[in-house]
Amino acid sequence: MSLSIRHSWFEATARQRLAGLLDPGSFCEFLPPAVAQPSPHLAQLDLPGAFDDGVVVGAGQLGSRQVLVAAQEGQFMGGAVGEIHGAKIVGLLRRAVAERPAAVLFLIDSGGVRLHEANAGLIAISEIMRAVLDARAAGVPVVALVGGSCGAFGGMGIVAKLCSAVVMSEEGRLALSGPEVIETVAGVEEFDAKDRALVWRVTGGKHRYLMDDCAALVDDDIAAFRRGSIELLDDWQETPDTLARLRAKQARLQGRLSAYGRCRDGLEIWAALGISEPERVPLLDCDELIALKEGLPT
Amino acid sequence: MNAPLPRVWDSLRQSRGKRLERAASLGFGKEIPVDRIIDLLEAVIQPGDRVCLEGNNQKQADFLAESLADCDPARINHLQMVQSVLALPSHVDLFERGLASRLDFSFSGPQGARLAKLVQQQRIEIGAIHTYLELFGRYFLDLTPNVALIAAQAADAQGNLYLGPNTEDTPAIVEATAFKGGIVIAQVNERVEKLPRVDVPADWVDFTVQAPRPNYIEPLFTRDPAQITEVQVLMAMMAIKGIYAEYGVTRLNHGIGFDTAAIELLLPTYAAELGLMGKICTHWALNPHPTLIPAIESGFVESVHCFGSEVGMDAYIAARSDVFFTGADGSMRSNRAFCQTAGLYACDMFIGSTLQLDLAGNSSTATLGRITGFGGAPNMGSDPHGRRHASPAWLKAGREAYGPQATRGRKLVVQMVETFREHMAPVFVEELDAWQLQRSMGAELPPIMIHGDDVSHIVTEEGIANLLLCRTPEEREQAIRGVAGFTPVGMARDKAMVENLRDRGIVRRPEDLGINPRQASRDLLAARSVKDLVRWSGGLYAPPSRFRNW
Amino acid sequence: MEKLEFKFPSQALLAAAPPALCGVVGSGNLEILVRSGVDRQICEISVNTSARGFGETWRAVLATFAASQAVGGTSIAINDMGATPAVVSLRLAQALADYRGGAQ
Amino acid sequence: MTLNTILDALFPAGHAVAVANQVLAGEAQTALGPVAVLGTTDAAAIDHAMALALAGTVLDTVEQHPGRPLVFLVDTSGQALSRSQELLCLNGSLAHLASCVDFARRQGHPSLALVTANAVSGGFLSFGLMADQAYALADAQVRVMDLRAMARVTKIAYERLVELAASSPIFAPGAASYQKMGAIAAIWPAPSATLLLDALRDIAQARGAGDQRQSLATTRGGRQLAAGVSRQVEHAVGAG
């Protein structure tokens, strides 16, 4: 059965994702573990660090295109951004401006700021935001791949949406505040974080795809992320933002807010989009959902 | 000589009649309005009654439990509760509020800590902590309920009941109560004109009440494959190759932990590659574990009889009626009493996990400050000396235990544990916490779940110890130390003796079984997520929301 | 957190190789970095672990590893987040295999 | 300090700033000419409507007043916490706002942010920290999370965090930490037209220099590692 040859992106480590995403043997790591130091800030708080501080950066090839890559490790401190972690990503994006690779692939798997290094993390995310926009302004597409167990939350949710495009799996989540945070502050009636089906109807890949918040939806499979990224870059032309484009985006966001601003569940929006059996959406496989979206009235 | 006093021979029937009269005088018919349930309970229950409150492993008569707890302790008190599982806060409220004083039960799970406190305060008298079969047995001997409060899926106008897939303990409870002058009250989720099938006939049921919300069912048997570790995969490989294959185990029961879930998920992959399809794991006494779906779909499994059902499995079970026991209506019927009997007498193997093991192989899940009980594990995890039918696995184990001239076989009772639990708590200990618990509770026996003399094998990440082949208590102890890894118990092993046991095949390492630990990859699991299980089921399995990530 | 340093005599590993990393510093898990060391007859191991008070257990697990495998001439660094000895042993075997693989 | 007090102090030559839904928009006069004034008040929790209103003002300024400086007054408690906001991808609207501020920079609009009261995480990221330079009033609260909440989430003793916060700007809340860390250019004792003018001149002079926060952090001893690590990655030899 084909199930057994699937290599889940959700489950894989950052290094396993890179190994399967890039052309075999093409990856070369910058600042690899053997020459790196774990975060001194974690050590100060009596916590063990990781040699790569939870992010792997380097260069490689994707379908023979030269690319730069950054992959966050969701299993280490929730992929959260600390001083070294953030600085590695910033350095990679600056390198992209100088080197002009075919793309930067950003494998996001992060809850946002690492609280143990809160200020360093927040500022680093701000620097990453500026650096992503600098790379894009230099004509280098930055593609966010979101399908890890930590999703893309907090500042990393903002970073993902600053990228040229987002490729997601159904398992991926993309949002600002985590459901647990909303539940803690606003109560379980506002958001029951344990109702995982609801969490995914609000933040998951399928909903984001139906709402055009991600450009491509792929299966939870490393090979599918690879195919999805190659196909996306095949057709991609990175062009600088213009006033007209930002105005159009502003209008689209305004329109969407007035149309769906009162909705509280993906089911309501999907029905409003013209999907006849919205409750079936979570059960559809990736191809079925893509076909469903193509058939929707525009 | 004086004439003997005339004895009344139908006092139970008379008592039942009076209770029913009291109910009738308050205007109650068979169908009780939901807002008058407390009036009914106070009318038919008397102080000192033995009351069975249906609390199963999964299905709970939760509305009746809460209603009973809200009754007036001045009118209802000194109840003797008999129930298999004490799972809900309201079950303990009965004792805290002075309605009940004595308890016979099997398992308390989440209420274990509150229960222990009540015992220490001497506000509860525990008759005994039973296994399921013992408790059911005593329902028909000396613990027969005066009143049974049960849960059913639906009732029709006559009062016939449909129990749904989670039949569980209901048939045993109703049979004991209804045929010994007792009163049976059922909470139902719905009233329907026509039931899918009749599980309990109307004349065994005195009253029904439609509960304000469906009875609670705990998804107790759903294990997310995503949480299975490589170490569990390694142990599962060892168990399959070193025990299932060698004994040809076809009839079995599994525990509910991740260790055995790993075995279930290796059947379509690793076991199939070893050519074991059709040779092992064909007939099961088991709840419908979602992790068994890939093995069923691969053709490994011929039959599964269930203690209860599992949330989300109904459509799948209905569509696989060759495998599961289903009624003419297509839906499943489970039965804990029969399935426990199958587990005790008809299975060749029980395999499960535990929290602690001592040097004699005794195991316990008891921890200090909690009285959790046993459930059904000791029934399944014991060698029934009354068994007489033979099977290859049973005979082989018997020859290992008693020599080539053995006149009986032996059940395989396997304990499968990692040497350390989380937070580095060693599983192997010199003395079980159960002994300290016995002392602090003043109990007659320590709460040992599976006795060491019933255990045939222990599987850890370090290897398999075959206790059947041990000939002296010393050998047994060293065999256990020999698989106890880096726990203090393991490090205190006699290395030479363990190596000697290894030469005799009593202790076997992964490499002795031809297994390289590095092959133990999660890639071997037929499903690595709950979503994979849904895919295997062809979309028939509908997991509860908390197990989804889509 | 506790820092532990060990040196074990071990049969010399034949070839030095590029560093190899295995595992992740996640809950109940650890990462192991294997590099070539100085002394061909010694395996040096340094451990950063979140769990205090298990020095002797670490010594036993690592000594068993160094005695059963030829790892002389390697320097091994471990960052640990509460892995059990079973996981530690498995990761050590994987890390060593990765390191040896890199030598070919 | 009321918004009007702040506006009067910053723009004695005159200002016309309207507040709607906690979002301010308008213009003011300075010795360097007119500037656009925008931002949030009363510890606004930024939601879609606020983010889009701010982005709209930025785009209007770019279209109607090429080169006009943008002055952001920042008072935000973070982002709106609700299911309906997340359902419409709140991070997307915050990203849109950030990209509009960045677009204005590329179109030659100098930008300055002044934290007047609160600057917290997501709300701060989307516009305050996107400006060319950020400043803070002396009593402003700048942080990701207060130490008690941080202790709860990280399960590190509050007392230990307080002790470390005294010496480490890495996680200690406060504008001074952010100044050391390179994200706040200077702390102003009070809103001042002179300081504002100086700042606008500095920003105009430094145009095109790019994001200097890492090197500032090194100079000020706040982040000792970031600049070096980024440089190492930027210039690592890409050998296989």
Side-chain angles (χ1 to χ4, degrees), chain A residues 28 30-31 41 44-45 57 59 83-84 87-88 90-92 94-95 113 115-120 122-127 129-130 133 137 155 157-158 161-162 175-177 181-182 185-186 190-191 202-203 208 211 213 241 243 246-247 249-250 253-254 256-257 260-264 266 269, chain D residues 48-49 52 55-56 59 62-63 79 81-84 86-96 98-100 102-103 106 121-122 125-126 129-130 143-145 150 153-154 156 164 168-172 177-178 181-183 211 213-214 223 225-226 229-234 236 238-240:
Chain A
C28 161
F30 305 142
L31 216 58
H41 311 306
Q44 194 175 30
L45 293 169
V57 296
E83 179 176 359
I84 295 175
K88 286 172 78 174
V90 169
L92 186 88
R94 288 185 184 153
R95 186 181 180 114
V113 172
L115 287 180
H116 312 77
E117 311 178 21
N119 301 339
L122 187 73
I123 298 166
I125 286 178
S126 178
E127 287 163 346
M129 289 166 65
R130 297 266 300 262
L133 292 166
I158 301 177
K161 288 300 294 170
L162 285 174
L176 193 54
S177 303
V181 175
I182 297 176
V185 176
E190 177 59 33
F191 207 157
V202 172
T203 67
R208 294 300 182 226
M211 298 293 286
D213 285 314
D241 267 332
L243 185 64
L246 288 170
R247 283 278 193 208
K249 185 161 183 198
Q250 173 94 3
L253 292 175
Q254 293 277 18
R256 173 163 113 165
L257 181 61
Y260 309 120
R262 291 176 180 281
C263 295
R264 299 186 70 231
I269 297 189
Chain D
H48 285 283
L52 292 177
L59 295 179
V62 172
E63 191 168 61
Q79 61 255 22
L81 293 168
S82 91
R83 179 144 49 106
S84 58
E86 294 299 344
L87 192 60
L88 291 181
C89 209
L90 184 54
N91 51 310
S93 286
L94 266 56
H96 173 65
S99 62
C100 288
D102 194 70
F103 176 71
R106 289 177 205 287
S121 50
L125 278 176
S126 59
L129 283 173
M130 285 302 290
R143 63 167 189 269
V144 172
M145 198 181 250
M150 200 180 284
V153 178
T154 60
I156 295 168
L164 283 170
S168 167
I170 289 291
F171 64 85
S177 290
Y178 280 77
M181 303 283 291
D211 190 342
R213 290 176 284 187
Q214 283 185 343
R223 285 182 289 164
L225 304 166
V229 167
S230 285
R231 222 172 11 250
Q232 273 180 288
V233 170
E234 200 178 340

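The analysis underlying the following values was restricted to heavy atoms, covering all of them including side chains, and did not include hydrogens, waters or symmetry mates. Chain naming here is simple, since letters A, B, ... match the order of the sequence lines and numbering starts at 1 in each.
- Interface residue D/Leu164: only side-chain heavy atoms are found under 4.5 Å from chain A.
- You'll find the side chain of A/Cys263 stays beyond 4.5 Å of the side chain of D/Arg83, heavy atoms only.
- Checking side-chain atoms of A/Glu83 against main-chain N and O of D/Ala226 turns up a donor-acceptor pair under 3.5 Å.
- Between atom CG of residue A/Leu45 and atom OG1 of residue D/Thr154 there is a gap of 7.5 Å, rounded to the nearest 0.5 Å.
- Contact check for D/Glu63 versus A/Arg247: side-chain heavy atoms found under the 4.5 Å cut-off.
- Interface residue D/Met181: backbone and side-chain heavy atoms are both found under 4.5 Å from chain A.
- Under the 3.5 Å distance criterion, the side-chain polar atoms of A/Ser126 are matched with a main-chain donor or acceptor of D/Leu129.
- Side chain of A/Arg94 to main chain of D/Ser230: no donor-acceptor pair is present (N/O by atom type, distance under 3.5 Å, no hydrogens or angles).
- We find the CD-CD distance between D/Glu86 and A/Glu190 to be 10.0 Å, quoted to the nearest 0.5 Å.
- Once rounded to the nearest 0.5 Å, the distance linking CD of D/Gln214 with CD1 of A/Ile123 reads 10.5 Å.
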Would D/Gln232 and A/Lys88 count as a side-chain contact (heavy atoms from CB on, under 4.5 Å) here? Give the steps. CA-CA 8 Å; D/Gln232 273 180 288; A/Lys88 286 172 78 174; over 6 Å; no
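- At a threshold of 4.5 Å between non-hydrogen side-chain atoms, the residues D/Arg213 and A/Arg130 count as touching.
- Counting heavy atoms from C-beta outward, A/Ile269 and D/Leu88 have side chains that approach closer than 4.5 Å.
- Here CG of A/Leu246 is found 4.5 Å from SG of D/Cys100. Values are rounded to the nearest 0.5 Å.
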Side chain to side chain donor-acceptor pair (under 3.5 Å) for A/Arg264 and D/Ser82? Distances and angles first, verdict last. CA-CA 9 Å; A/Arg264 299 186 70 231; D/Ser82 91; over 6 Å; no
Show your reasoning for whether side-chain contact (heavy atoms from CB on, under 4.5 Å) applies to A/Leu122 and D/Tyr178. CA-CA 10 Å; A/Leu122 187 73; D/Tyr178 280 77; 3.6 Å; yes
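- By the side-chain contact (heavy atoms from CB on, under 4.5 Å) test, D/Ala95 is found to be paired with A/Ile158, A/Lys161, A/Leu162, residues two or more places apart in sequence or in another chain being considered.
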Run the numbers on D/Phe103 and A/Leu243 for side-chain contact (heavy atoms from CB on, under 4.5 Å), then give the verdict. CA-CA 8 Å; D/Phe103 176 71; A/Leu243 185 64; 4.1 Å; yes
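- Here CG of D/Leu87 is found 9.0 Å from CZ of A/Arg256. Values are rounded to the nearest 0.5 Å.
- We find that A/Glu117 and D/Arg223 are not joined by a salt bridge, their nearest charged nitrogen and carboxylate oxygen being 4.0 Å or further apart.
- Residues satisfying the side chain to side chain donor-acceptor pair (under 3.5 Å) test with A/His116, not counting sequence neighbours, are none.
- D/Leu225 touches chain A through backbone and side chain together, each having a heavy atom under 4.5 Å away.
- No side-chain heavy atom of A/Val113 sits less than 4.5 Å from a side-chain heavy atom of D/Ser121.
- Residues D/Leu94 and A/Met129 have side chains not in contact (no heavy-atom distance under 4.5 Å, counting atoms from C-beta outward).
- Of the two parts of A/Asp241, the backbone and the side chain both hold a non-hydrogen atom closer than 4.5 Å to a non-hydrogen atom of chain D.
- A/Val57 is listed as a side-chain neighbour of D/Val233, based on a closest heavy-atom distance under 4.5 Å.
- When heavy atoms are compared at a cutoff of 4.5 Å, A/Ala175 approaches chain D by way of both its backbone and its side chain.
- Looking at heavy atoms from C-beta onward, A/Leu115 lies out of side-chain contact with D/Phe171 at the 4.5 angstrom threshold.
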